[in-house]
Amino acid sequence: NGIPFDDLPVFYQLARIFVYPSFFEGFGIPVLEALSSGVPVIAAKGSCLEEAGGPDSFYVDPNDKLELAEKIKIILDDNELVDSMSSKGKEYAKNFSDQKIVNQIIRLYKSII
């Protein structure tokens, strides 16, 4: 992509929408990065991106251009929706903080022992 890693937060924060209609994904770190930056997300449905994006992102069939265009228009036309998606997305992204993940792993190991 040619963008230095340290500059990525600026690009996310300048975006109005993060659109990620990926067909194949390992988890969706870019989705979490967008949510953490307060950017509304539109991602592919039927994949791990729904877990990464949470309940307040939009999901579309990546083959359906009209559905994608409709979701983009909905977000661009509704500032209250943008504010809601932004704040809820930031809150959801906290579920994937390093400390929360460490605590979950520790609880898992304790439950096994």
Side-chain angles (χ1 to χ4, degrees):
N1 67 22
I3 299 171
F5 183 76
D6 290 341
D7 292 343
L8 282 176
V10 173
F11 280 86
Y12 282 116
Q13 292 166 10
L14 291 173
R16 174 78 184 201
I17 303 171
F18 182 73
V19 180
Y20 203 60
S22 177
F23 289 98
F24 304 103
E25 205 52 52
F27 175 67
I29 296 297
V31 168
L32 281 175
E33 291 171 336
L35 291 175
S36 295
S37 296
V39 179
V41 169
I42 302 171
K45 63 182 164 186
S47 71
C48 63
L49 297 178
E50 291 169 294
E51 180 183 355
D56 297 295
S57 294
F58 285 163
Y59 302 97
V60 298
D61 176 343
N63 291 304
D64 190 337
K65 297 177 277 192
L66 293 177
E67 182 184 21
L68 177 57
E70 175 186 302
K71 296 299 185 191
I72 290 171
K73 183 169 179 8
I74 289 170
I75 292 172
L76 290 177
D77 289 345
D78 191 339
N79 289 329
E80 287 182 28
L81 177 63
V82 169
D83 292 343
S84 175
M85 290 177 80
S86 175
S87 63
K88 289 177 179 178
K90 281 183 179 180
E91 194 60 35
Y92 182 78
K94 290 178 184 177
N95 289 317
F96 299 92
S97 71
D98 293 344
Q99 190 58 52
K100 265 202 163 175
I101 292 171
V102 167
N103 290 340
Q104 290 172 347
I105 291 170
I106 290 170
R107 279 196 304 275
L108 173 66
Y109 283 140
K110 285 181 178 179
S111 73
I112 294 172
I113 295 178

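Hydrogens, waters and symmetry mates are skipped; everything else that's a heavy atom, side chains included, is used. This structure is a prediction, so every number in the text was calculated from the model and none was measured.
- Salt-bridge annotation for Lys45 and Glu67: present, with a side-chain N of the basic residue lying under 4.0 Å from a carboxylate O of the acidic one.
- In this structure, Ile3 is a member of the same hydrophobic cluster as Leu32, with clusters built from ILVMFWY side-chain heavy atoms closer than 4.5 Å.
- Expressed to the nearest 0.5 Å, how far NZ of Lys71 lies from CD1 of Ile74 amounts to 5.0 Å.
- Val60 and Ile72 fall within the same hydrophobic cluster, defined by Ile, Leu, Val, Met, Phe, Trp and Tyr side-chain heavy atoms under 4.5 Å apart, directly or through other members.
- Expressed to the nearest 0.5 Å, how far NZ of Lys73 lies from CG of Asp78 amounts to 11.0 Å.
- Atom CG in Asp56 sits 9.5 Å away from atom CG in Leu81 (nearest 0.5 Å).
- Ion pairing between Glu91 and Lys94 holds under the 4.0 Å rule for side-chain N and carboxylate O.
- Taking CD of Glu70 as the start and CG of Asp64 as the end, the distance is 8.5 Å to the nearest 0.5 Å.
- Using a 4.5 Å cut-off between side-chain heavy atoms of Ile, Leu, Val, Met, Phe, Trp and Tyr, with links allowed through other members, Leu76 and Phe18 fall into different hydrophobic clusters.
- At least one side-chain heavy atom of Pro55 sits less than 4.5 Å from a side-chain heavy atom of Tyr92.
- Here the shortest heavy-atom pairing between Ala44 and Ser47 reads O-OG, 3.4 Å.
- Residues Tyr12 and Glu33 have side chains that bring a donor and an acceptor to within less than 3.5 angstrom of each other.
- Of all heavy-atom pairs spanning Gln13 and Ser37, the tightest one is CG-CB, 3.8 Å.
- Between Phe5 and Asp7 there is no side-chain heavy-atom pair separated by less than 4.5 Å.
- Residues Pro21 and Pro62 approach most closely at O-CB, 3.4 Å, considering heavy atoms.
- Between Ala52 and Gly28, the closest heavy-atom pair is CB-O, 3.9 Å.
- Rounded to the nearest 0.5 Å, atoms CD1 (Ile101) and CD1 (Ile105) are 7.0 Å apart.
- Annotation: side chain of Leu49 is in contact with side chain of Tyr20 (closest heavy-atom distance under 4.5 Å).
- Residue Leu8 is not grouped with residue Val10 when hydrophobic side chains (ILVMFWY) are merged at heavy-atom distances under 4.5 angstrom, including chains of intermediate members.
- Of the candidates Val39, Ile75, Leu35, Met85 forms a side-chain contact (heavy atoms from CB on, under 4.5 Å) with just one, namely Ile75.
- Applying the 6.0 Å contact sphere to OH of Tyr59 captures more than 12 heavy atoms from other residues, nucleotides or ligands.
- Aromatic rings from Phe27 and Phe96 are positioned such that their centres are separated by under 6.0 Å.
- If you chain together hydrophobic residues whose side chains sit under 4.5 Å apart, Leu68 and Val31 never meet in one group.
- Counting all heavy atoms, side chain and backbone alike, Ser86 lies closest to Gly38 at OG-O, 2.8 Å.
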